[in-house]
Structures are given as structure tokens and as C-alpha cells.
Amino acid sequence: MNDGLSTIEQQITSDYKYGFTSDLEADQAPKGLNEDIIRFISGKKNEPEWMLEWRLKAYRHWLKMEVPEWANIKYPAIDFQDIIYYSAPKQTKKLNSLDEIDPELRRTFEKLGISLDEQKRLSGVAVDAVIDSVSVATTFREQLGELGIIFCSMSEAIQEHPELVKKYIGSVVPMTDNFYSALNSAVFTDGSFCYIPKGVRCPMELSTYFRINAQNTGQFERTLIVAEEGSYVSYLEGCTAPMRDENQLHAAVVELIAMDHAEIKYSTVQNWYPGDKEGKGGIYNFVTKRGICAGVHSKISWTQVETGSAVTWKYPSCILKGDHSVGEFYSVAVTNHHQQADTGTKMIHLGKNTRSRIVSKGISAGVSHNSYRGLVSVAKNATNARNFSQCDSLLLGDRCGAHTFPYIEVKNNTAQVEHEATTSKIGEDQIFYCNQRGIDTETAVALIVNGFAKEVMNQLPMEFAVEAQKLLAITLEGSVG
Amino acid sequence: MLQIKDLHAGIEGKEILKGINLTIRPGEVHAIMGPNGSGKSTLASVLAGREDYEVTGGSVEFLGKDLLELAPEARAGEGLFLAFQYPVEIPGLSTINFMKTAVNEVRKYRGQEALDAAEFLKLMKEKMSLVNIDKNLLTRSLNEGFSGGEKKRNEVFQMAMLEPKLAILDETDSGLDIDAIRIAAAGVNAIRSKENATLVITHYQRLLDYIVPDFVHVLYNGRIVKSGGKELALELEETGYSFLKNEMNIA
């Protein structure tokens, strides 16, 4: 992590560096949403009948649902008929190897700092890359296959492992769960699928990069990770989007399933385009992420660094069903300018001796609003449940807002639930102290903010921690002084 | 090295420094003494460039440059260091990381290349033994939960790392017992050379037993009212500051 600091100062003067668009030929559906569009998507993907039926059922349910309005965010109503629900970079045939990728697409990934070749050769991170709606490349598949690990795009999983997909899709986040998960269930176009067989410890980080490229498109990916008994996997996702004046919708669903003694570590570095300084453009990020600790002694750990998006609505949660299971949520959410974030977690204690830990660090600058919303629920039969929550807010300047909405529901009197919260401002004394040591104010803010977020950043795998530190600095540039 | 001429400064419209004159040459140690409220810490803050203070008159030249024109971080780059009376805490940021950034920012200012991890580590080890500081302290969050003595020792370590031309020690002895003072002073003495200068600001004489000054100045009511050699400090210790009031009133 130490080396991240010197890079901060290089980054500090840069604007949103992922704001380029790529000139990729795209295969698109017409704007709007109806059953024909869903049939179009399903047809494009050559899906089995049951998948189409499932989508249509979700769509019909979605039509009866209303946009959730309880979150502490404000944005103009989204016209769901003004969105393109399917856009795929045109590829003439299925790729046999990475060498066959469209050169323009390859350049896109290089601009993102992901060279698929490099990733493949050096870092030992297996990558699945999703552009607009479609997964374009998955690396390392063969090596993983030898261990029985399946890591592929969701579309491929539906074709090649239908029994697994059918069994688990919608099992943690039902299609009827909420407005955006229903929408996603109807129109999801791709995502990553990951299956770790019994007793296997995945030897490398699995990673998916999401990128929205085409204009007026929404991105609706769906990720499903199943960890069988005694297995372990660490999974990372990163996301970026071009700078565009209009808002774009991102509504993803992520489902995690951990069996007995299995562990899933899920890390996100979310850097969707946040809009410009006046609040124009940016991604609306409405994401449903949930994991179930289905087996005894299982563990699910969410780590998120949220720096992007105009609006973020996201509550990665854990259902602690197995006895002695553990749920963790580590979050850094940064908002600047006109960004709004309403994020947090739900820890649902169902099994006995279940434990959960929540560490949330909110950083607000500009005229942004940053809310933590969390639920700790202990069911009647969940004896000896433990929760510890810590929610810290850091304010930069005096025009931003930090809000905390903790909900606690306890139905078993053996539970121990602790909640700690602090709110602080970056002090002029702290900045002056740094200045006196030769450090300019922007760098000083980055140091102070990274210090504030350290407990969460430490949870990230190394290569992402450096990236995440840079992102914090970039997001907050110009916010002080 | 440092030339202060008729410096006037204050805060929120209230004048605190009322015409300071002081010249410091390389290799010299100057002590500024005075009762509470005489303007000692204000002088340190103004020299370091704290924004809260407004300079209303006079000039300060540092190594041929107009110090008052420079931003605080540029002053540090030029070689001015302030050991704070109350060092701030920065949770989650270790002294090591803080110093790595500071050293490389200062190097950048001077047009030098950044130190890589190995070079930095080497420099750090050298300075750690020079000022006798434990590594455990440096890996902890900056000043968080430090004792008074640890905070001041950490300031001296940072000073050693940044190798300033002029070090200003603002009440480095305040709140320390005699052993802590001795350790801090030993660190300061280890850094002293013919090329750099030190300005010690203190209320009490006892620090000057360990950091022996070439010149002692008495600051009272925003002005230097008396200057002399190190014996002046001893004199003050015996008579206290009350004599100043009498002298000034008569004058």
C-alpha cells in the first residue's frame, strides 16, 4: 500500500481518466422495453426456454412494481422506455483465444489499465471482461478448469451449465425482491458465473471488469458465485464508463452462495462516471448484492470502494443461515460535487452463533450527500448472535452532508449488537501540519482520507488497494482550499 | 540565513507582533524566551505560514527569498521546519508513510528525484538511530495515542528526516519531564551542523541546559526587548519575567 502514495500525486491533477469512448461496432436492440425485447435478448443469447420464461415472469412482475423512494437520494424519474437494453460489441465469431479480440476492444482494455495478456501472464488474476452487455473475454479458464473451477460469462454458463444456473439463479435475490432486481432479472444480458467445487481453494483472484461504452444503453449484469463445501474464492469487480452528458442506468444483481465451511470474499472498486462538477451526466447505480451463508461455519465478506456514479443505491448483504456463519461488510463511499450515495448493508442473523461485522467509512465533499443505511436483524432462533457496527463519516467543507440510518431488529435476547458512529471534519490543523512538512493541500487531503479509510482499504487485495487509493484522491481533488 | 525586519502580525485584527527584528546566520542557535502571551508561538506560526495570522508590516527574508510570499509547503521545501508545540493526530496514517510523502515532496520541490522504497528505508534507519526513536512508534498512526514525550520525539525524527536549514522548535519542552527533554534535546543536537540554524522557542530555561544557545532574546508584548548570550537565560531563570514588567513600565 505504501507505494500508492507517490502515485496519488500524479493522479491528483487528472480528470476522470476512464471517460473515453471506444469506436466499437455494436449490435443493438431498439430502445425501449417490452416482451419482444426480452425475447430478442433471450434469442440473441440462444437461451433455453426456461430462461426466457423466467425473464418474462420477472418482467410481468416488474410491471406491477413501483420505483423505490425510501432512499435519501434525489434524481429525475428514469424513463425506462428510453434505454437500450441490449448492446454488444460486434464480434463475427466466437473467440478461441485472446489473440482474436477486436484490436479496438483490446485498446479499450489497455486504456483501462487492463492488458488481458499481461493479466494473464503476470499477475495471476483471472479476468472476465464485460463491455456494455456482453462478456468479451475470460482469461485463465483452462488452468482453473483443471481444478474443477468454472469461471465464465453468465451467457456461457446458461449454455454449458444450465443445471447449476437453474438451481441457483434467483435463489438469493428472488426476481420479485425489488424493483431493480426484477428489472435485471427480465433484461440481464451477461455477467460472470463462478463455481468452486468442494474442498477447492481458488489459487488466484477472480476478477470481472465492467464497462459501459455505447450511448443510451443500460447495463444489467448478473453475477452468480457458488462456493461448495470447504472451498474458498476471492472475487473482484471493477467498473468504469465514458463521460456522457446524459445519465445512464446500471442495475446489477449479484448472488453469492457459501456452503458448509466455505468462504467467499467479494471486493468491488466502483468507479462509474460520476457526472461533471455541475452534476450533469453520470451513472445511476442501482445494485442488489446479497450472499447467503447457507452452510455451517461459512463466511461471506463484502468489501467495496465506491467512488463513482451520480447516484448509488446499494446494500451488499449477508443472510447468515448456517450456524456459526460469519458476515462482513467493509465499505468506503466517497462523494464529491453533486454525487449522492445511499449505501450500507443488511446482516440477517438466522443461524445460531452467527457473527457479523460492519465497518463503513463515508467521505463527503462538495455539495454531495452520503448516507449509510444498515439493518442488523437477529431472528428468534438465532441464539448468541453477535454484531459489531462502526460507521464513521468524514466531511470536507461545509456544504456536504453525511447521514446514518442504522436499523436494528432483535428478536432473541441472547444477541449482542453494538453500533458505534463518529462524524468528523478534516481539520485545518491537520492540513497545515502536512503543508509544513512540504506536502501540498491536495496531497494532504488524500493522505488524511486514505488514513481514515485504511481499515477498509486493508481488506482489499494488494493490486486493487493501490488503484483504490488513487481513486480516492482523484474523486476528492479540488474539494478543499 | 533569516532576516526579520520590523515584522508586524496579528490575528483577527488584533496585533500581536509589534515590530520584530532578528537575524540568524548558519550554524547559530537562537533562543526566544518570554512569558505567556508575549507572541512566541505567533512568531513561529507566522514564519511557517499559518493562514490564520495576518502580516501587517515588515519583511522576512529566508536564504535570499521573500519568505512571506511563499506557501507553507514551499517554505518547507526551502528548508524551514517547525516542530509543533501540539503535533496533530492523523488516524490511519503512519509516520513512515507520512514521512515518505513529505521527503519526496520536498525533494520534488528541490528538483531532486524521489527516493525509492529501499533508499527511503535506508535514510529512515539512519535517522532513527541518530535521534534514537523506536520503529514501533513510526508504524503507528501519526501521533494518535502518543504520549507527550513520544509526540515531541516524533517531531525531532521528522526534523532529522527533512534535514532543514532552519529548524524552529516551538515549546518543544512543554509538558515533558526532564528525561524526555534530554532525549529530545539529544536528537536536536545530533542534527546540528555549521550549515543549519536552530530557533528554540521556550518559556523555561531548562531546555537550554541541553540545547545551548548562542543568542538569547527576550520577547515581551510583541517585541524583542533584550538580547544577549546564553547567560541571559540563566539570569531570567533567577529573576523571572516580572522584572521585565517593571523595566518596561519605567521605560
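Numbers restart at 1 for each chain; the letters A, B, ... are given by sequence-line order, proteins then strands.
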Taking atom types as modelled, is there a side-chain donor on A/K289 or A/Q304 under 3.5 Å from an acceptor on the other? no
Interface moiety of B/Y109 toward chain A, non-hydrogen atoms closer than 4.5 Å: neither
Among B/I90, B/D116, B/L82, B/D52, single out the residue with the greatest number of heavy-atom pairs under 4.5 Å to chain A. B/L82
Counting heavy-atom pairs closer than 4.5 Å to chain B, which one of A/C434, A/A453, A/G438 comes out on top? A/G438
Suppose a student defines contact as a heavy atom less than 4.5 Å from any heavy atom of chain A. Which residues in residues 137-153 of chain B would they list? B/L142, B/N143
Taking side chain as C-beta onward, heavy atoms only, is A/T268 less than 4.5 Å from A/T303? no
Should the pair A/K361 and A/F452 be classed as cation-pi, given the thresholds of under 6.0 Å to the six-membered ring centre and 45° from the axis? yes
side-chain hydrogen bond (donor to acceptor under 3.5 Å, both in side chains) contacts in which one or both residues fall within residues 65-75 of chain B, not counting sequence neighbours: B/K65-B/E78
Heavy-atom pairs under 4.5 Å with chain A - which of B/A48, B/G77, B/A71 has more of them than the others? B/A48
Salt bridge or not between A/E455 and A/R357? Use side-chain N to carboxylate O under 4.0 Å. yes
CE on A/M347 to CD on A/E328, rounded to 0.5 Å: 7.5 Å
For atom OH of B/Y86, is the number of surrounding heavy atoms from other residues, nucleotides or ligands below 6.0 Å larger than 12? no
Turns out that what part of B/P164 lies under 4.5 Å from chain A's heavy atoms comes down to neither
So do B/H30 and B/L22 actually touch side chain to side chain, heavy atoms under 4.5 Å? yes
